[in-house]
4 protein chains.
Amino acid sequence: MTERQEKILNTALKLFAENGYDSTSTSKVAKAAGVSEGLIFRHYTNKEGLLSAIMVQGKQSALSMYKYILDQQDPKSVIRGIIKLPFTLSEENYNFWKLLYALKWQADVYDHSISAPVKEALINAFTKLNAEDPDAEAEGVLLLIDGIATSVLLRKPENKQAILQTILKKYNV
Amino acid sequence: MTERQEKILNTALKLFAENGYDSTSTSKVAKAAGVSEGLIFRHYTNKEGLLSAIMVQGKQSALSMYKYILDQQDPKSVIRGIIKLPFTLSEENYNFWKLLYALKWQADVYDHSISAPVKEALINAFTKLNAEDPDAEAEGVLLLIDGIATSVLLRKPENKQAILQTILKKYNV
Amino acid sequence: MTERQEKILNTALKLFAENGYDSTSTSKVAKAAGVSEGLIFRHYTNKEGLLSAIMVQGKQSALSMYKYILDQQDPKSVIRGIIKLPFTLSEENYNFWKLLYALKWQADVYDHSISAPVKEALINAFTKLNAEDPDAEAEGVLLLIDGIATSVLLRKPENKQAILQTILKKYNV
Amino acid sequence: MTERQEKILNTALKLFAENGYDSTSTSKVAKAAGVSEGLIFRHYTNKEGLLSAIMVQGKQSALSMYKYILDQQDPKSVIRGIIKLPFTLSEENYNFWKLLYALKWQADVYDHSISAPVKEALINAFTKLNAEDPDAEAEGVLLLIDGIATSVLLRKPENKQAILQTILKKYNV
DNA sequence: GATGAATGAGATTTCATTCAT
DNA sequence: CATGAATGAAATCTCATTCAT
């Protein structure tokens with residue numbers, strides 16, 4: 001990947017995350033990246049191709065980010081780690097997640113491959129803890145972190161720590 | 001509001017919810033409503049005005065929908081009722097919420113007036129239950145129902161009841 | 001069909017015929033027709049739709065033009081009439097035919113419905129004249145008038161009349 | 001001419017003939033020829049230069065192909081040979097002629113130098129045969145083979161032989 | 001109130017061509 | 001000689017909005 005390609009990708013991610021995919025024209029991306037508009041299409045074929053490239057890159061970096069959490073032995077650590085996840089996003093990951101969450105709502109672009117390993121780890125953990133219905137418990141946590149992520153991504157809560165504590169207590173982790 | 005106005009409003013809500021606000025042209029709305037495109041602008045000034053009108057209407061109907069839940073005396077009933085809320089959406093409310101949730105992600109249109117009374121009721125309930133930090137507890141529940149709503153609106157979970165049970169148990173309500 | 005629609009259609013026919021379909025941008029058509037570019041798409045959906053509309057109109061006018069030739073009783077009159085056809089094109093028909101002939105060469109847009117009745121009439125005429133192979137004779141004449149039409153449409157021959165005479169003599173009509 | 005230059009030329013001829021000059025981008029030519037796009041411009045300056053080179057090459061090969069027909073002594077053999085010409089195209093010549101015929105219709109690129117010797121030979125032949133108006137007769141045959149060529153190049157007629165026979169009979173050759 | 005013709009700005013995309021390496 | 005990254009102009013098309021009737 002050349003320097004310009006990377007510049008396009010990062011600029012597009014930023015703008016897509018901030019202003020939405022639909023509302024961000026390729027012309028805006030090109031201008032912000034300091035690049036001719038044609039170059040975007042030469043490298044990424046079309047606007048959707050640009051989005052795909054962002055997704056591939058983002059997914060990789062996201063997976064590598066939470067891999068070590070899922071691999072822990074102690075089930076409580078796994079659950080706690082997962083619940084804390086949305087609070088610990090890097091800037092790049094922040095933009096990627098924001099874009100990902102916004103895209104859920106249009107078309108069926110949403111890609112389950114990104115949450116599947118998390119769910120698996122949760123089921124595992126709840127099984128170890130002898131939960132009655134580990135699958136339902138896992139789904140419950142997924143809902144919860146979806147809500148947490150939404151809140152974080154939209155920069156809403158001021159009292160993050162306090163909220164986190166009440167939640168962790170509920171789960172006894 | 002005349003019959004035509006109502007037709008426009010309902011059609012627009014449906015299309016905006018199903019295909020997104022940006023991706024739905026005023027021309028599509030007009031065609032689907034069986035109305036000339038000009039009429040939309042005569043009644044609602046511009047596309048944003050149409051959206052506003054939808055929001056006003058939706059909010060009213062939403063508030064009236066959960067008013068009786070917030071007014072209950074028993075704090076546990078209030079909390080339980082609020083958590084169950086997303087599972088009990090009528091078709092019209094379903095579309096409104098879907099649109100509302102999708103719009104969160106673009107621009108800063110999000111309107112707190114719609115969740116404010118819910119938060120208040122939750123704080124009240126948790127105070128009655130002698131929670132340590134009622135505000136944080138309330139925020140926690142709000143996050144949770146955000147996640148639940150997202151899941152319901154995107155028609156994902158099959159085992160709704162089981163999930164709901166595990167959650168209610170956590171909250172002991 | 002409104003006045004503007006007609007203006008667009010006629011202007012497009014002229015430009016397409018003179019400069020080719022591919023080389024004529026919708027912007028050029030709009031400018032030449034004194035109309036906004038968007039209007040073309042509102043009325044004809046896309047550039048191809050504009051072409052189709054031209055074709056439909058042109059075919060009608062063309063068919064009505066040579067109908068009376070095909071309907072004559074005397075077979076020699078029919079053959080003579082058909083051979084003379086390309087020499088008697090009105091300005092509008094001239095442009096239509098030029099466009100039609102140019103389009104033959106790109107894609108498989110060519111529409112046989114326009115030459116089919118001519119072929120039928122020729123077969124009929126040659127049958128009446130007891131030709132050995134009326135079908136082959138008809139095809140032969142079609143080739144010939146294709147050549148003639150090409151020549152006329154590209155404004156080549158100066159000595160049209162003399163050429164026409166030698167040909168008619170060959171066919172003894 | 002290097003091997004690469006030849007590859008470019010042949011590939012371009014093929015694509016131009018099959019899909020049209022306008023519709024064939026230099027990028028497609030480069031890809032199909034297995035060559036960088038820049039190389040086309042290094043060798044042929046611009047797209048039009050590429051076309052010119054094709055024309056020069058094609059004309060040479062075309063002329064050499066029918067030279068021996070034009071040089072025959074017997075006038076009837078000359079006329080017959082010329083009429084049969086379009087039925088005897090090699091693959092390479094086929095593409096060249098298809099391109100040539102398609103290009104007639106756009107711009108005034110048509111090059112008379114290619115048909116001039118044929119016309120001369122025809123006038124000569126008809127003069128020897130004591131035709132009343134040899135020039136008109138020659139033009140008549142040129143029209144005819146134009147029609148025949150068009151038909152052959154667009155791969156239309158199934159009963160080629162029968163058609164050819166009726167025509168040759170008309171010309172008594 | 002209602003229509004629908006018309007506009008103009010802007011979106012995505014294509015493509016011949018240039019140029020540093 | 002050869003590559004391929006990069007450009008910029010132009011092409012097709014979309015869409016919110018205006019306006020005469």
Side-chain angles (χ1 to χ4, degrees), chain A residues 1-5 7-8 21-30 33-50, chain B residues 2-5 8 21-31 33-51, chain C residues 1-5 7-8 21-30 33-50, chain D residues 2-5 8 21-31 33-51:
Chain A
M1 192 156 58
T2 69
E3 202 188 336
R4 303 285 253 274
Q5 262 169 302
K7 192 79 203 290
I8 291 172
Y21 174 71
D22 280 338
S23 307
T24 305
S25 67
T26 51
S27 139
K28 274 184 210 152
V29 173
V35 143
S36 75
E37 205 174 346
L39 194 58
I40 294 177
F41 293 90
R42 171 163 268 280
H43 284 312
Y44 301 104
T45 312
N46 50 32
K47 199 183 173 186
E48 219 184 313
L50 176 56
Chain B
T2 70
E3 200 187 339
R4 306 281 264 268
Q5 268 169 290
I8 292 171
Y21 174 71
D22 280 338
S23 306
T24 305
S25 66
T26 51
S27 139
K28 273 185 211 153
V29 173
K31 225 164 277 167
V35 143
S36 76
E37 212 175 338
L39 194 57
I40 293 178
F41 291 87
R42 165 160 282 279
H43 284 313
Y44 300 104
T45 312
N46 51 30
K47 200 183 174 185
E48 220 184 310
L50 176 56
L51 181 59
Chain C
M1 192 157 57
T2 69
E3 202 187 336
R4 304 285 254 275
Q5 262 169 302
K7 192 78 204 291
I8 292 171
Y21 173 71
D22 280 337
S23 306
T24 305
S25 68
T26 52
S27 140
K28 275 184 209 154
V29 173
V35 143
S36 75
E37 204 174 347
L39 194 59
I40 294 178
F41 293 91
R42 170 163 268 280
H43 284 311
Y44 300 104
T45 311
N46 51 31
K47 199 183 173 186
E48 219 184 312
L50 175 57
Chain D
T2 69
E3 201 189 338
R4 304 282 264 273
Q5 267 170 292
I8 292 172
Y21 174 70
D22 280 339
S23 305
T24 305
S25 66
T26 51
S27 138
K28 273 185 210 152
V29 173
K31 225 164 277 168
V35 143
S36 77
E37 211 174 341
L39 195 57
I40 293 178
F41 291 88
R42 164 161 282 278
H43 284 312
Y44 300 104
T45 311
N46 52 30
K47 199 184 175 185
E48 220 185 311
L50 176 57
L51 181 59

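All chains are named by letter (A, B, ...) in the order of the sequence lines, taking the proteins before the strands, and each is independently numbered beginning at 1. Only this structure's heavy atoms are used, side chains among them; waters, hydrogens and symmetry mates stay out.
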Q | By salt bridge (Lys or Arg N to Asp or Glu O under 4.0 Å) - contacts of D:E37 (at least two apart) | A |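 Scan of D:E37 (salt bridge (Lys or Arg N to Asp or Glu O under 4.0 Å), adjacent residues dropped) gives A:R42.
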Q. Taking for each residue the nucleotide of DNA chain F bearing the nearest heavy atom, is the 5' side occupied by D:T2 or by C:S23?
A.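 In this pair, the answer is D:T2.
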Search all heavy atoms of [X] against all heavy atoms of [Y] and return the closest pair with its distance.
{"X": "B:T26", "Y": "B:I40", "answer": "O-CD1, 3.6 Å"}
{"X": "C:I8", "Y": "C:V29", "answer": "O-CG1, 4.3 Å"}
{"X": "D:K47", "Y": "D:D22", "answer": "NZ-O, 3.9 Å"}
{"X": "B:V35", "Y": "B:R4", "answer": "CG2-NE, 3.8 Å"}

Can you tell me the distance, in whole Å, between the [atom1] atom of [X] and the [atom2] atom of [N]?
{"X": "D:K28", "N": "E:dT13", "atom1": "NZ", "atom2": "C1'", "value": "13 Å"}
{"X": "A:Y44", "N": "E:dT12", "atom1": "OH", "atom2": "C1'", "value": "17 Å"}
{"X": "C:M1", "N": "E:dA5", "atom1": "CE", "atom2": "P", "value": "13 Å"}
{"X": "B:I40", "N": "E:dG1", "atom1": "CD1", "atom2": "P", "value": "14 Å"}

### Short side-chain N/O contact to F:dA6 OP1/OP2 from A:R4, under 4.0 Å
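Result: yes.
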*Kindly say if C:H43 contacts the phosphate of E:dA6, meaning a side-chain N or O under 4.0 Å from OP1 or OP2.*
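Indeed, a polar side-chain atom of C:H43 lies that close.
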Each base of DNA chain E marked ( ) or [ ] if paired in-strand (Watson-Crick or G-U under 3.5 Å), | if paired to another strand and . if unpaired gives .||||||||||||||||||||
* To do: Identify which nucleotide among E:dA2, E:dT7, F:dG8 has an atom closest to any side-chain atom of C:V35, counting heavy atoms from C-beta outward.
  =>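 Side chain of C:V35 sits closest to E:dT7.
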Query raised in the report: The side chain of A:L39 lies closest to which of these nucleotides: E:dA2, E:dA6, F:dA6?
Result: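 When the side chain of A:L39 is considered, F:dA6 is the closest of E:dA2, E:dA6, F:dA6.
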Between CG on residue B:N46 and CG on residue B:L51, distance to nearest 0.5 Å: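 Between B:N46 CG and B:L51 CG, I get 10.0 Å after rounding to 0.5 Å.
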Practice item. Report the distance from atom CG of A:L39 to atom OG1 of A:T2, rounding to the nearest 0.5 Å. Key: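 That separation rounds to 7.0 Å.
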Please check: side-chain N/O of C:Y44 versus main-chain N/O of C:Q5, any donor-acceptor pairing under 3.5 Å?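 A pair under 3.5 Å: yes.
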5' to 3', nucleotides 16-21 of chain E under a 4.0 Å protein heavy-atom cut-off (B base, S sugar-phosphate only, - none) gives BBB---
